[in-house]
Amino acid sequence: MPLWKKENLTLANSQNEDKSKMKTAIAQKSLLSLILLGARPKTLTASFFPVILGMCLARFEGYYNLSLYLATLVCAAFVQIGTNYANDYFDAKAGRDTKKRLGPPRLAGGGLMPRSWVFTLMVASFVIATLSAIPLMMEAGTIVLYLMILAIALGILYTYGKYSLANTGLSNLTIFVVFGPFGTFMAYYLQTGVAKLNPALYGIIPGCLSLMMFAMNNLRDYEEDKEGGKKTLVVRFGFAYGKMEYLLALAISWMTIPLSMMLYKAPLITMLPLIWLPKAARLAKDLSLAEKPTQIVPLFEKTAKYILLFALTYILAWRIAMALS
């Protein structure tokens, strides 16, 4: 047997053993642990980053309302958590979660929790998000109510039905806009009451990072999605397309930093994330060499860590800029 086949077989066996051990460990978890598992806390950087960035931009200009800031954070987090539960519930209902799944087991699809319980968690999350938005509605008016209805609708439509966002390929654009330019713009607007374009430009950075994670998720789940009839853009256009999407988002996130300095005179300290450029280059190289979903699994965790480090560093840079201004 050729050496490369032996290496692939060893990798597959190792991943199957790890997956079996993970399922056994998860099956022994408490109800609270399962609820946290379904909330997918590692993905919450996507909702936190644009909100915190928008607040930093507002505070840099002298605006700061702690209660509104906390309400925005809680609202954004529970909209995403509700969306995660909705994804779990509707994928299980449609039979899209299969034995080929390489990622962490799902609550409903993996048989860890009854589907009705996952549905209840979804509803509860969206209710908490709506309640936390009440102070925002009182401050900014009915526009927040309309946006909440839209956010919940998008969270459900992400995987619900034949023409879901995931099935039509619109999920990529939605994730970029919601967790990027729009999310940052709204966080800034809720703090200041001023509508400006520069927060949306800065929001390209968290939007691209979220898109990287989404592309990595679709690459990892390529075989499962294809078998389950989930027509993501990676399923429609192929594995190479998903890699291109990831690499393009990575490149644009870096290009936005100097662009923001040129267009809006962002402080020089906001270049601080450059310290992670070597890590980004390694990720790009490793992804370029990947040829199948099993090789994406270790890169998924590395990408999540990179995004968290980048987000924390960029936020720290703006905090330093505030202190120096």
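Every heavy atom of this structure was used, including side-chain atoms; hydrogens, water molecules and symmetry mates were not.
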Donor-acceptor pair, Gln80 side chain versus Thr43 backbone, under 3.5 Å? yes

Co-membership, hydrophobic cluster, residues Val79 and Val74, 4.5 Å side-chain: yes

Would you say Ile269 ends up clustered with Leu57 if hydrophobic residues are merged whenever their side chains have heavy atoms under 4.5 Å apart, either directly or through other cluster members? no

Start with the C-alpha gap between Glu223 and Lys292, add the side-chain angles, then the distance that decides, and say whether salt bridge (charged side-chain N to carboxylate O under 4.0 Å, His left out) holds. CA-CA 9 Å; Glu223 295 291 349; Lys292 52 188 178 180; over 6 Å; no

Taking the side chain as everything from C-beta on, heavy atoms only, tell me whether Leu233 gets closer than 4.5 Å to Arg236. yes

Closer than 3.5 angstrom, by distance alone: can the side chain of Lys93 be matched with the main-chain N or O of Ala108 as a donor-acceptor pair? no

Among the clusters formed by ILVMFWY side chains lying less than 4.5 Å apart, do Met271 and Tyr202 turn up in the same one? yes

Between Arg40 and Asn84 (side chain of the first, backbone of the second, donor and acceptor by atom type, cut-off under 3.5 Å), is there such a pair? yes

Given side chains that start at C-beta, do those of Asp221 and Ile296 come closer than 4.5 Å, heavy atoms only? no

Which pairs count as ring pair (Phe, Tyr, Trp, His ring centres under 6.0 Å) when at least one residue sits in residues 63-85, sequence neighbours excluded? none

Looking only at non-hydrogen atoms, find the nearest pair between Leu131 and Pro135 and report the distance. O-CD, 3.9 Å

Same apolar cluster (I L V M F W Y, side chains within < 4.5 Å links), Tyr189/Leu66: yes

Please check: side-chain N/O of Gln191 versus main-chain N/O of Ala58, any donor-acceptor pairing under 3.5 Å? no

Who pairs with Trp254 by ring pair (Phe, Tyr, Trp, His ring centres under 6.0 Å), at least two apart in sequence or on another chain? Phe310

Ignoring hydrogens and angles, tell me if any N or O in the side chain of Ser260 forms a donor-acceptor pair with the backbone of Ile257 under 3.5 Å. yes

Hydrophobic side-chain clustering at under 4.5 Å (ILVMFWY, transitive links): who's grouped with Met255? Put none if nobody. none

Please identify each residue that fulfils ring pair (Phe, Tyr, Trp, His ring centres under 6.0 Å) with Phe237, with sequence neighbours left out. Tyr241

For the residue pair Leu34 and Trp117, establish whether any side-chain heavy-atom pair is separated by less than 4.5 Å. no

Same hydrophobic cluster for Leu32 and Met122, using side-chain heavy-atom links shorter than 4.5 Å among ILVMFWY? no

Checking side-chain polar atoms at under 3.5 Å, does Tyr246 have a donor or acceptor matched by the opposite partner on Thr303? yes

Applying ring pair (Phe, Tyr, Trp, His ring centres under 6.0 Å), can you list everything that pairs with Phe60, at least two apart in sequence or on another chain? Trp318

Answer yes or no: is there a donor N or O on one side and an acceptor on the other, between the side chain of Asp88 and the main chain of Leu107, under 3.5 Å? yes

Leu308: hydrophobic cluster co-members (side-chain, 4.5 Å): Leu312

Would you find more than 12 non-hydrogen atoms of other residues, nucleotides or ligands less than 6.0 Å from Leu197 atom CG? no

